[in-house]
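What follows is a set of notes on a single structure, which appears directly below.
So you know, we letter chains A, B, ... as the sequences are listed, proteins then strands, and number each from 1.
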Amino acid sequence: MLDFFEKIGGTIRSKITRLGAATRLFFSIISYSSDSFKRFNLTIREIYFTGVLSLVIIVVSAFFVGMVLGLQGYYTLQKYGSSEAIGVLVALALVRELGPVVTALLFAGRAGTAITAEIGLMKATEQLSAMEMMAVSPVARIVAPRFWAGIITMPLLASIFSMVGVLGGYVVAVPLIGVDEGAFWSQMQANVDFNYDIVNGFIKSVVFGIACTIIALFEGYDAPPTAEGVSRATTRTVVTSSLAVLGLDFVLTSFMLTV
Amino acid sequence: MQKDLIVSIKDLAFGYAERQIHKKINMNFHRGKVVAIMGGSGCGKTTILRLIGGQIKPSSGYVEVDGQIVHKQGRKGIYELRRKMGMLFQHGALFSDLSVFENVAFPIREHTNLSEEIIKDLVLMKLNAVGLRGANQLMPTELSGGMARRVALARAVALDPDIIMYDEPFAGLDPISMGVICDLIRTLNDALGATSIIVTHDVTETFAFADYIYFIADGIVAAEGSPSDLKKSQLPFVKQFVHSQKDGPVPFHYQANDYSQDLRL
C-alpha cells in the first residue's frame, strides 16, 4: 500500500519537476532571444523546416476537412431549408476551431517530432556539449530560433488551413451539390466577424504555437541521450502537445465566448 | 598559482547522489606540456574534463584555470574561460547539418567578426594541418571515424586555444588513424604552444608521447609521473594497468555473492 502511494507521489513529483524545468527553459529562451533576433537568418531557416515543409500535409488535410464539412453541413442544413448557410458554417468551423486545432495537431506530428528528435540526437551525439564547450549557448543557437520559428509558423499555417478548407467546402457545396455561389460567399462575408472570429482564431493559433513548440523543444532538450530516450521523448511530444492543444482550446474558447 | 601552471585541480571531490566519483584529486597542468589522465573505465576521467570546462560543479575543492576558479564564475566568466579551451569529444561531435568546412568555421564565425575571405583561409589552414583540406566540402556522414576525429581536432584548435582537451581520442580507431592522431596531438600542442590534457586508457600510444601521466583509481590520484617512471613503477595498480594484467587490484569479477551459493551447490 505504501509502495502504491510512494509511486503516485514519485510520479507527481517528477511531473512537477519537469514542468519547472520546462518553465526554466522557456525563460532561458526569452533571455537569449535578443541574440537569436540579431541573427534572424537562423530563425528563417527553421521557418522553412517547420513551416514550408509542413505545407503539403496542411494543404491536403485542410482540403479534405473542408470537403467533409461541406458534405456534412449541407446534409444537416438542407433539413431546415437553409443550405445557403453552408458557407458560413464551413468558414466559422474552420476559422474558430478546426483551423487552429487541426493545424496544431498536425504541426505536433510533423514538425514537433522532428524538432524533438533532432535536438535529442544532437544531445546524444554530444553536439550540444561541444557547442557549450565552444562558449556558444545551445539555447541561443539551437533552441531559441526554433521557438520563434514555431510561433511565427503556426498562425500562418492555421490561416492557410482555413483558406484551403473554405475552398474545399466551396468545391463540394457549389460545383458538386449546386448551392448558389453568391449565397455561399455573401453569407460567409456577412456572418464572419473579423474581431470575434478571425482574431480569436489567430490568438488560439499563437497560443498553440507556443505550447507545441516549447513542448517539442523541452522534450528534445531533456531527452536521455540514448536511442530509447529519444524515441520516448518523440512520442511524448505528440501525446503531450495534442492533449495540451485540446485542453487549451477548451479554456480559450470558454474565455472567448464569455468576453 | 605558479606562473607556468595553466590548470590546477585542488582537493577536488565530485559525485552524484548515489555514487562518489572523486574523493580527493590534486593535479597540476603546466604550460606547453602534454599530460594524460589514465584509469579504468568509469573512474571519472571524462568527468575531470567536464569539471575543467565548467560543465559541472565540484562538491568540494576547486579547479583553477589561468588563475580563475572555474565553478565561481558566472555564465559570462565561464564562457570567457572556455574561449581559451578547445575540446575534442570522443566521437568528434561534429555538427551533422554542417559541412566539414562549416564545422571548422563555426567557432570562428561565432566569436570573431573576421571577413569571409580570412575565415576561408583560416579554416583551410586548420584543415591542412590535420591533412583534410581536400575534404572541406564533405558532410560529416561521409567521413570515416578517424577523419571525423581529425576534423573535430581542427575545429577544437580553430581559435588557437591555450588548453586542448581530448576525451578518449584513440577509441575505436584503426592503427593508422591512431598513429596520425598521436602525431597531431604532439605537433599541434608544440606548434600552438598549448597545453594538452588527454583522457585515455590506451597505454602504448600515451606512454609514447605524453610528458606526464596521472593515474586515477578509487577517486584519488593513485600514481603520477613521467612515462619512464611509471613503466618502472612497482605499485600494483600501475603494474596491472601498464602490463594489461587481467586480475589485480582492479578485480576481474564484479562484486557478487558466493559462486557456489548462486549455483545452489
- Query: Looking only at heavy atoms, which two atoms of A:Ala211 and A:Leu248 are closest? And how far apart?
  - Reply: CB-CD1, 3.7 Å
- Item | Residue pair B:Phe29 / B:Leu5: nearest heavy atoms and the distance that separates them | O-CD2, 3.5 Å
- Heavy atoms of other groups near A:Phe64 CZ, more than 12 under 6.0 Å: no
- Take atom OH in B:Tyr212; do more than 12 heavy atoms of anything else shown fall under 6.0 Å from it? yes
- In terms of ring plane angle, is the pair A:Phe147 and A:Phe26 parallel, tilted or perpendicular, where the classes change at 30° and 60°? perpendicular
- Note on the structure: Between the CZ atom in A:Phe208 and the CG atom in A:Leu252, the distance rounded to the nearest 0.5 Å is 5.5 Å
- Item | Per-residue contact mode, B:Leu94 against chain A (heavy atom under 4.5 angstrom) | backbone
Would you list the atom pairs in which one atom of chain B and one of chain A form a donor-acceptor pair under 3.5 Å?
residue	atom	partner	partner atom	Å
B:Arg75	NE	A:Tyr32	OH	2.8
B:Arg75	NH1	A:Tyr32	OH	3.1
B:Arg82	NH1	A:Glu132	O	3.0
B:Arg82	NH1	A:Glu132	OE1	2.6
B:Ser96	N	A:Gln127	OE1	3.3
B:Ser96	OG	A:Gln127	NE2	3.2
B:Asp97	OD2	A:Arg45	NH2	3.3
B:Glu110	OE1	A:Arg39	NH1	3.0
B:Glu110	OE2	A:Arg39	NH1	2.9
B:Glu110	OE2	A:Arg39	NH2	3.0
B:Glu110	OE2	A:Arg141	NE	2.9
B:His111	NE2	A:Met134	O	2.5

